[in-house]
Amino acid sequence: QVQLVESGGGLVQPGGSLRLSCVASGSIWGINAMGWYRQAPGKQRELVATVTSSGSTNYAEFVKGRFIISRDNAKNTVYLQMNSLKSEDTAVYCCNADIIPRNRWSSYTYWGQGTQVTVSS
């Protein structure tokens, strides 16, 4: 079984920072791209950022210059450093990863349960 577990969410004031982590565990042979998505109440889930296995990154326009995605391949972990947070960043943040399980020939997309980020004074 493959599992993604996020951590690092919480309550922060506008202008503050948070760092989210997401660890992939289980029977894993390899991990391709990893990413972060978010869903605010009453809104559709949206892409925040992605990072490939070689470190290439992609960001949504609304987080460029404020958020940084990174990964530690040795730890099967992806991070999201969030700076200059705004109230509109309030959402449940979920990580996903394109993972090749052991003894499989294909990759599959896995999702974490999500972590709540609330930006409020």
Side-chain angles (χ1 to χ4, degrees):
Q1 290 282 32
V2 174
Q3 189 176 16
L4 297 180
V5 178
E6 303 98 335
S7 62
L11 173 64
V12 63
Q13 292 186 341
S17 298
L18 279 176
R19 188 192 195 208
L20 306 183
S21 300
C22 173
V23 181
S25 62
S27 185
I28 297 171
W29 185 84
I31 303 178
N32 297 319
M34 304 182 82
W36 288 95
Y37 290 72
R38 72 184 189 185
Q39 187 167 19
K43 295 187 177 181
Q44 290 189 332
R45 184 170 61 194
E46 57 186 359
L47 171 70
V48 176
T50 60
V51 58
T52 67
S53 57
S54 60
S56 296
T57 58
N58 178 57
Y59 295 93
E61 282 297 325
F62 53 79
V63 301
K64 282 185 178 179
R66 299 190 298 126
F67 291 9
I68 301 172
I69 189 170
S70 62
R71 63 189 282 175
D72 185 332
N73 291 331
K75 296 181 179 180
N76 289 343
T77 300
V78 61
Y79 305 97
L80 186 68
Q81 177 66 44
M82 305 186 294
N83 302 318
S84 302
L85 283 161
K86 307 175 183 178
S87 58
E88 51 264 44
D89 293 319
T90 295
V92 174
Y93 285 71
C94 295
C95 70
N96 84 340
D98 185 48
I99 295 174
I100 306 169
R102 291 190 185 278
N103 301 318
R104 296 291 184 94
W105 295 104
S106 299
S107 64
Y108 301 85
T109 298
Y110 293 86
W111 290 89
Q113 291 296 311
T115 184
Q116 177 69 47
V117 172
T118 302
V119 185
S120 175
S121 56

Go through E46 and F62 one step at a time and tell me if the side-chain contact (heavy atoms from CB on, under 4.5 Å) criterion holds. CA-CA 11 Å; E46 57 186 359; F62 53 79; 3.6 Å; yes

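- Considering NZ of K75 and OG of S25, their distance stands at 15.0 Å, rounded to 0.5 Å.
- I69 and G35 make their closest contact through CD1-CA, 4.2 Å (heavy atoms, listed as atom of the first residue, atom of the second, distance).
- Looking at every heavy atom in both residues, T90 comes nearest to V119 through OG1-N, 2.9 Å.
- Put simply, CG on L80 and SG on C22 are 10.5 Å apart, with the number rounded to the nearest 0.5 Å.
- With sequence neighbours left out, W111 forms a side chain to side chain contact (heavy atoms under 4.5 Å, CB included) with Y37, R45, C94, N96, T109.
- Taken to the nearest 0.5 Å, the OG1 atom of T77 stands 10.0 Å off from the CZ atom of R71.
- With sequence neighbours excluded, the residues forming a side chain to side chain contact (heavy atoms under 4.5 Å, CB included) with T52 are S54, S56, listed by chain and number.
- Sorted pairs that involve residues 32-70 and meet disulfide bond (SG atoms under 2.5 Å apart), not counting sequence neighbours, are lacking altogether.
- The nearest pair of heavy atoms linking L20 to W36 is CB-CH2, 3.6 Å.
- Scanning for side chain to side chain contact (heavy atoms under 4.5 Å, CB included) contacts around K64 gives Y59, E61, with sequence neighbours left out.
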Could you go step by step and tell me if D72 and Y79 meet the side-chain contact (heavy atoms from CB on, under 4.5 Å) rule? CA-CA 8 Å; D72 185 332; Y79 305 97; 4.1 Å; yes

Show the numbers, then the answer: is there a side-chain contact (heavy atoms from CB on, under 4.5 Å) between L47 and N58? CA-CA 10 Å; L47 171 70; N58 178 57; 3.9 Å; yes

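- The minimum heavy-atom distance between S84 and D89, with the atom names listed, is O-OD2, 4.4 Å.
- Distance OG/S106 to CG/D98: 10.0 Å, rounded to 0.5 Å.
- Of all heavy-atom pairs between Q39 and A91, the closest is O-CB, 3.4 Å.
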Side-chain donor-acceptor distances from residues 2-17 under 3.5 Å, at least two apart:
residue: E6; atom: OE1; partner: Q113; partner atom: N; Å: 3.1
residue: E6; atom: OE1; partner: G114; partner atom: N; Å: 2.9
residue: E6; atom: OE2; partner: C95; partner atom: N; Å: 2.9
residue: E6; atom: OE2; partner: G114; partner atom: N; Å: 3.1
residue: S17; atom: OG; partner: N83; partner atom: OD1; Å: 3.0

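- Residues W29 and Y108 do not share a hydrophobic cluster, clusters being chains of Ile/Leu/Val/Met/Phe/Trp/Tyr side chains in contact below 4.5 Å.
- The local environment of CD in Q1 is sparse, with at most 12 non-hydrogen atoms from other residues, nucleotides or ligands closer than 6.0 Å.
- The minimum heavy-atom distance between V117 and M82, with the atom names listed, is CG2-CE, 3.8 Å.
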I'd like to know whether I100 forms a side-chain contact (heavy atoms from CB on, under 4.5 Å) with N32, so could you lay out the CA-CA distance, the side-chain angles of the two residues, the decisive distance to 0.1 Å, and finally the verdict. CA-CA 8 Å; I100 306 169; N32 297 319; 4.2 Å; yes

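- Using a 4.5 Å cut-off between side-chain heavy atoms of Ile, Leu, Val, Met, Phe, Trp and Tyr, with links allowed through other members, V51 and V23 fall into different hydrophobic clusters.
- Judged as a disulfide bond (SG atoms under 2.5 Å apart), not a single pair has a partner in residues 40-71 (not counting sequence neighbours).
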